[in-house]
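See structure below.
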Amino acid sequence: MKKLLIVATIPETLTNFFTYITKHLQNRGWYVDGMAVGISRDSQCLKLFDNVWDVDWSRNPLYPNNLLVAPKQIQAIYEQNQYDIVNITTPVAAFVTRFALKDWQKQGKVKIIYTAQGFHFYSGGAFHRNITFLTLEKIAAPWTDYLVVVNREDEEAAKQHHLAPKGRVRLIPGTGLNVKRFDHDAISEIEVKRVKQELGLTPQTPLLLSVAELIKRKHPEDILRGFALLNSEELHLAFAGDGVLMGKMQQLAKNLKVENRVHFLGYRRDIPLLIRASIATILASEQEGLPNCVMESLSMETPVIGTDIRGTRDLLEAGYGLLVKVGDIEGIACGMKWMLDNSQAAAMMGKRGCDSLVAYDVPHIIEEYERLYGESISAELAMV
């Protein structure tokens, strides 16, 4: 029986990104464990993995236990279980786990696969931040057998900076989009009418939607300010997501005198329905790896206004949405107006985007990971 350990800094990352892969491998007879801080208290992880392992670390890179305590815990767990593959993701987990297991990795006893959901250095990022995170990735590069990236910019950066052995960088676009959940035809007009009624809208009222945390990196204020520039009484905007900027955003809506046409929905479980009810979705982030909300929107045949950054660019640059510069509030407003004034062209844009998502769906991604795991184990056997 092959043994795999999947490691992330927090449990939510494991369930958000590795559920489909884990279940598939378990059905194939693999033994799959999970490791994260507080994972033994996470009900979803307890159901998902064969075993779970707590580790004392934090997303704060300056937390002392990241290097004083966590490596010893990881080493003890590996010695106990002797995993064939350890697949790591998120920056703290990726660095600390590779540091802890580097001696076994060098001896070929375990294969280390690093899935980078988006490097913390990137085009347009702050200079000191980029230097810091690039340096850490370079330090850990020799302790990496395979590096998985999710967008073309990161693929180019990984090869340029030699962040994995030659020929061992793999572009796998995400960890699987559930196209059955985000199916335009599975949601009826009656359901769309109901959710619009909930928002106090008529069935004909055009709605724009942002599905994202209300945090600085996502630039929700840019969306709100762009919306206010239109001064269109018929158009409404909804934000689906919580975050530290919620209060500030609500006050800004009042200051801009658009509070009657802006809806702060908080966390929602009916995202497919909200997307289906919208003429377009908007993502104004300054940093993404491969944004799920963009893929989900296109899967629902709803076009996207997105910032011209890695990941989002990969998904939209072929004409499946509109790209604007980060911080370009007027550009966002122009994109909104175009979606409103060109409803038929926008609908066709979304339809073409839906047709492009074959490479991102769950079966394709599982096939890619299964091929990668098989290759890494074959390489391991060749060294014995």
Trp53 vs Asp33, side-chain hydrogen bond (donor to acceptor under 3.5 Å, both in side chains): CA-CA, chis, key distance, verdict: CA-CA 8 Å; Trp53 303 101; Asp33 286 356; 3.1 Å; yes
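- The main-chain N or O of Trp57 is never found under 3.5 Å from a side-chain atom of Asn66 such that the two would form a donor-acceptor pair.
- Between the side chain of Glu296 and the backbone N or O of Pro272 there is no donor-acceptor pair closer than 3.5 Å.
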Verdict with supporting geometry, Glu370 and His24, side-chain hydrogen bond (donor to acceptor under 3.5 Å, both in side chains): CA-CA 9 Å; Glu370 195 166 26; His24 175 80; 3.1 Å; yes
From CA spacing to verdict: side-chain hydrogen bond (donor to acceptor under 3.5 Å, both in side chains), Thr89, Thr115: CA-CA 5 Å; Thr89 191; Thr115 297; 5.5 Å; no
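- Scanning both residues, Asp50 and Gln26, for their nearest heavy atoms gives OD2-NE2, 3.3 Å.
- The residue from Glu368, Glu155, Glu375 that alone fulfils the side chain to side chain donor-acceptor pair (under 3.5 Å) condition with Arg170 is Glu375.
- Side-chain N or O atoms of Glu191 include one that pairs as donor or acceptor with a backbone N or O of Ser188 at under 3.5 Å.
- Contact annotation: the side chain of Val195 approaches that of Asp270 to within less than 4.5 Å [non-hydrogen atoms, C-beta and beyond].
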Pair Trp104-Tyr78, ring pair (Phe, Tyr, Trp, His ring centres under 6.0 Å): steps then yes or no: CA-CA 9 Å; Trp104 287 289; Tyr78 173 76; 4.9 Å; yes
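- For Glu288, the salt bridge (Lys or Arg N to Asp or Glu O under 4.0 Å) criterion is met by Arg217, Lys218, not counting sequence neighbours.
- Across every non-hydrogen atom of Ser40 and Val52, the tightest pair is CA-CG2, 4.1 Å.
- A distance-only check finds a donor-acceptor pair linking the side chain of Asp361 to the backbone of His364 [under 3.5 Å].
- When every heavy atom of Asn130 is checked against every heavy atom of His120, the shortest pair comes out as OD1-O, 4.0 Å.
- Between Leu237 and His263, the closest side-chain pair of non-hydrogen atoms is not below 4.5 Å.
- For the residue pair Thr202/Thr205, the side-chain donor-acceptor check at 3.5 Å is satisfied.
- Ile77 and Asp54 make their closest contact through CD1-O, 4.3 Å (heavy atoms, listed as atom of the first residue, atom of the second, distance).
- In this structure, Asp308 contributes its side chain and Lys325 its backbone to no donor-acceptor pair below 3.5 Å.
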Full working for side-chain hydrogen bond (donor to acceptor under 3.5 Å, both in side chains) between Tyr373 and Asn87: CA-CA 9 Å; Tyr373 290 159; Asn87 195 159; 2.6 Å; yes
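- Residues meeting the salt bridge (Lys or Arg N to Asp or Glu O under 4.0 Å) test with Glu221, sequence neighbours left out: Lys248.
- Applying side chain to side chain donor-acceptor pair (under 3.5 Å) to Thr144 and the options Lys102, Arg98, Lys111, Arg168 leaves one that passes, Arg98.
- Note that CH2 of Trp338 is 5.0 Å distant from CG of Asn342, once rounded to the nearest 0.5 Å.
- Checked by atom type and distance alone, the side chain of Asp222 never pairs as donor or acceptor with a backbone atom of Val326 at under 3.5 Å.
- Looking at every heavy atom in both residues, Arg152 comes nearest to Asp314 through N-OD2, 2.9 Å.
- Nearest approach of Ala116 to Leu147, heavy atoms of both residues: CB-CD1, 4.2 Å.
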